[in-house]
Amino acid sequence: MAHPESPPALLRGVRSRAPGQSERREGEGREARPIGRRGCPFLMVGVAAPGAEAKAADKGSAEALREDRGATLLVGATRNSSPTGGAMLLRLSAHFDPQRDAASWLAGQPLAAAARGADADTFLESLETLRTVNVERNGNIVYTWKSTRGHTYIGLYDPNSQTNEHLYTFEKDLHVISCSVNNEKTLLAVSFLQSTKEVRADLLLQPVSKCLTLLIEICPINNVKVLKAVDSRIRVQFLYPVAETHAFPESCLLLISEDEYVEKFNIRVVKEGNSAVIENYSHLPKEKIADDFIWIQWDTLEQRLFYIVPKRSGDILNCVQFYPDKSSTLILEVPLEISLTEVGLKLVNLECDYYQGQETEPQPLNLQVLTSEKGNMCICYCIAPVNPGEVAYSVLYLHKGYSKTYTVALERTDSLQVKDLIFLNLDYYVAVFLPGHFLHLVNTQYPDLICCNFFLTGEDAKINGLHKSPIVSPLKSMVLDLSTGRMFTLEINKQALLQFLWNSKLDSDRLAALHCLLLHVGSTTEMETEIIKWISENMSTCITFDPIQEFIFASLYWRLCPEAVNLDKFLPYTSLVCWNELIPGITCTTHIISLPVLKVQNCKGFWKKLISNLECVKYDELNLRFSSKVVWREWEKLHLDKRTEGKRIKIYMTTVFEYAKKVLSNFNTWITEERLVPLLQDEDYKHKLLTGLMAAQLKDHLMRHLQYVGQKRIEEIAVNYVSKLLHLMYRMMENIWKKYSLDFWVFSLGQRGSSNEVLVFHFMCRMLRAAGEMCLPLPPGFYTVHTGLGVQCLPLCTLLLYIDQGVLHLTETCVLKLLKELDNTEKNEKLKLGILMRLPEEIGRKVGQLPDAPVGSTSIVQNYVKLLFEKLRNKWPSMSLVDRSSAQIEFLPLNYLIAILTEVDHQGQVASVDQGTVNVRFVEEVALKHTTMLLGL
């Protein structure tokens with residue numbers, strides 16, 4: 001519908017600023033008021049007061065994680081029936097509340113003074129008309145309100161400075177559909193319906209619903225230009241530069257029409273004194289961006305426009321990317337396997353009109369495109385239910401090449417509508433929320449493992465404040481309540497997540513909480529301390545995964561990935577290869593889909609990451625990620641098979657031990673505080689070999705995929721990875737030491753272990769098992785401390801069984817300490833003999849060659865030589881033919897040894913038994929040589 005270029009006579013612009021707006025407004029407190037039953041604090045019902053997280057960060061302690069503004073949430077202490085312990089897993093924080101952030105400012109405006117003085121109730125009624133109409137990329141919130149005189153006002157709230165600004169006034173009661181202000185605050189675009197009350201009362205019977213779209217100069221008020229005067233509704237949106245380094249002289253405005261087309265106006269603004277004036281006012285350049293679409297979505301944060309166009313072969317998803325230089329490119333085309341032809345026009349993130357949502361018939365399909373900073377792109381849509389008691393929705397993981405359809409059986413079906421299903425972007429997760437029924441947090445980074453998802457029902461699935469009101473999500477992790485105009489930030493509540501970890505009964509819930517805490521929330525020292533406490537008390541309850549392994553891999557993944565681009569694709573984030581367990585209440589089917597093809601290859605930012613993700617899909621992801629099985633195979637070759645001959649092998653072994661030296665040097669540097677765990681620096685060949693081998697293998701693995709990073713940098717990353725692994729292991733030991741009050745523990749083998757030492761010993765057994773299964777090195781001295789605790793805490797038979805089964809590893813340091821510290825009582829002699837009988841060859845050789853080896857007891861020497869002879873007889877089976885009828889030769893070495901020792905001891909040729917020193921190697925050689933001579937072997 002044509003319209004003259006001159007502005008309508010009904011419009012007159014007024015613009016003002018609040019005096020002293022940079023100052024904090026009096027009485028504008030940031031504390032939320034109590035709501036809910038019995039005046040429960042705001043935080044107790046899932047809405048956080050601003051500043052709560054900052055307070056926790058400033059305290060920098062585990063206690064800060066437990067404190068939530070008066071909420072009685074004790075992490076690791078209370079065990080409620082609800083996994084989240086009564087706290088909401090997703091927490092709302094009031095980002096913009098009209099009553100809190102704008103009402104006090106409006107009350108001080110001259111425009112409201114007369115109304116406030118005449119009738120306070122009348123002024124309050126005008127405040128109730130305040131509603132949010134847009135959220136710009138920089139976070140500024142555009143809102144409108146109406147006065148009792150019938151005027152319509154447009155204001156802006158800056159959440160960074162917490163100030164309000166009056167932009168424009170219409171001296172008529174208008175129904176504002178859409179509104180946007182440019183980055184420089186010089187231009188205002190408004191789309192509105194005239195006669196709001198009439199349109200709202202009888203929309204279908206009106207022959208014409210005239211929509212006007214205006215472009216207004218507001219710095220100061222100069223000109224008003226009519227861009228559109230049509231029957232269909234228009235949405236307006238200024239483009240914002242992604243890199244806000246300086247002000248651009250040109251502004252770009254998008255016009256999205258319900259007539260299924262999008263236009264972009266290029267508006268150049270010039271300065272004339274203190275005024276900002278549109279250049280070439282009569283003719284603004286414009287271009288067609290899209291047309292004939294049946295679905296459209298605006299991505300405010302990333303300045304992207306997604307839209308779906310129907311084709312004969314199927315619907316096509318397109319994406320136009322707008323760049324900081326105001327240019328745009330059709331960058332993506334994706335064929336879809338779903339049809340939207342009969343659904344009707346759907347606008348996403350462009351609809352902030354509460355009344356429009358009430359008047360329009362509900363659509364059977366809710367579809368959204370959600371992206372993340374990791375280069376993930378998902379298409380989420382709900383499916384018309386087949387059974388009345390079920391809800392189905394699909395997530396197309398375009399960055400993975402497959403889709404998953406989830407079907408949820410509902411406990412009740414009262415007042416269920418498919419349109420009530422909400423998709424919210426939390427970057428790392430997609431929150432699928434059906435108010436009053438369930439909350440499903442879908443992990444978009446690792447969708448192949450459904451155990452990394454949260455699926456909550458009942459009280460745990462609540463997001464307070466999002467149960468009845470229609471909402472939209474104009475920015476990532478933010479929601480706008482259309483009915484009240486309130487804006488909330490949505491985040492995962494760390495306190496509730498920790499409580500969820502403590503109270504969960506299912507392995508899938510525990511694993512999801514672990515990964516969320518370590519990979520999404522972020523692995524901090526305080527968080528890791530809380531998780532270690534949980535692991536120490538819940539190791540035996542986890543059946544399908546090892547919590548120690550998951551803690552190690554997830555923490556290392558979080559710490560190391562920022563060190564190089566794409567490093568996250570080649571490091572393991574879990575010890576699990578697959579997950580076959582079912583999650584109660586939900587079923588999942590997987591379908592292979594076609595990979596999207598980008599029309600532009602030389603991309604940056606998100607699109608570059610998406611291309612990288614698509615490249616990884618072409619290969620087996622398990623082969624891309626570093627696996628400890630490679631280390632295990634190489635370790636077997638170098639250690640178990642003794643394949644160390646040859647020049648190349650010797651050079652490689654030298655390199656491996658050089659890496660081990662660097663790793664241990666880093667490890668010792670990081671532990672600067674007083675060591676609670678008395679780790680002794682063992683010269684353990686196997687430990688050093690495994691440590692260096694892991695660093696060498698990781699370096700080779702990363703060099704195959706990240707050659708552009710450089711060999712030196714890759715070596716640093718590999719060394720840091722293994723060093724931090726050892727440090728995490730040590731921190732686990734340190735926290736267990738503190739928990740069981742072994743702060744002043746002395747490594748002494750001559751005393752019996754306490755109950756706390758027994759608990760620490762068994763925890764170290766679990767650490768050893770977890771490391772052994774994944775072929776991970778342990779901190780130097782771990783085996784010595786572990787065996788020492790075993791000597792103190794275990795009965796002799798159990799101790800020897802643990803050594804035989806490989807649970808305890810004998811080290812030279814521990815054996816020498818044991819032989820020196822223990823006296824020659826009968827009990828200790830049995831212990832020493834048992835240890836000597838099980839010494840590894842390399843340690844036994846060293847112990848036996850010591851001239852002052854502490855083996856002075858006659859009975860120990862006798863039994864030790866008996867053991868040696870039995871080994872010799874097993875090696876030479878012909879010895880079994882010896883005639884044993886004679887008592888004199890029944891066991892010749894023992895008889896001969898007794899005689900020799902007695903004679904030598906009496907003659908004083910060696911130290912006496914009381915001195916506790918006998919040359920074991922000398923005794924061994926003499927006894928065996930004489931025996932073989934007598935037997936003729």
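- The salt bridge (charged side-chain N to carboxylate O under 4.0 Å, His left out) analysis of residues 378-387, with sequence neighbours excluded, yields no pairs.
- Taken to the nearest 0.5 Å, the CG atom of Asn183 stands 12.0 Å off from the SG atom of Cys252.
- Every residue was checked against the salt bridge (charged side-chain N to carboxylate O under 4.0 Å, His left out) condition with Glu337, not counting sequence neighbours, and none meets it.
- Side chain of Ser93 to backbone of Thr489: no donor-acceptor contact under 3.5 angstrom is found.
- Residue Tyr402 holds its OH atom at 8.5 Å from CD1 of Ile592, rounded to the nearest 0.5 Å.
- Nearest heavy atoms, Ile583 versus Ile450: CD1-O, 3.5 Å.
- Distance CZ/Arg137 to CG/Leu301: 5.5 Å, rounded to 0.5 Å.
- Geometric assessment of Arg91 against the ring of Phe488 yields a negative cation-pi assignment under the 6.0 Å and 45° thresholds.
- In this structure, the separation between CZ on Arg233 and OG on Ser178 is 11.5 Å, given to the nearest 0.5 Å.
- Here the CG atom belonging to Asn140 is positioned 4.5 Å from the CG atom belonging to Leu156, to the nearest 0.5 angstrom.
- Residues that satisfy the side-chain hydrogen bond (donor to acceptor under 3.5 Å, both in side chains) test with Thr329, not counting sequence neighbours, are absent from this structure.
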### Query
Going through the checks in order, is the side-chain contact (heavy atoms from CB on, under 4.5 Å) test met by Ile593 and Leu396?
CA-CA 8 Å; Ile593 61 175; Leu396 278 66; 4.3 Å; yes
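- Phe423 contributes atom CZ, which lies 7.0 Å from atom CD of Gln368 (distance to the nearest 0.5 angstrom).
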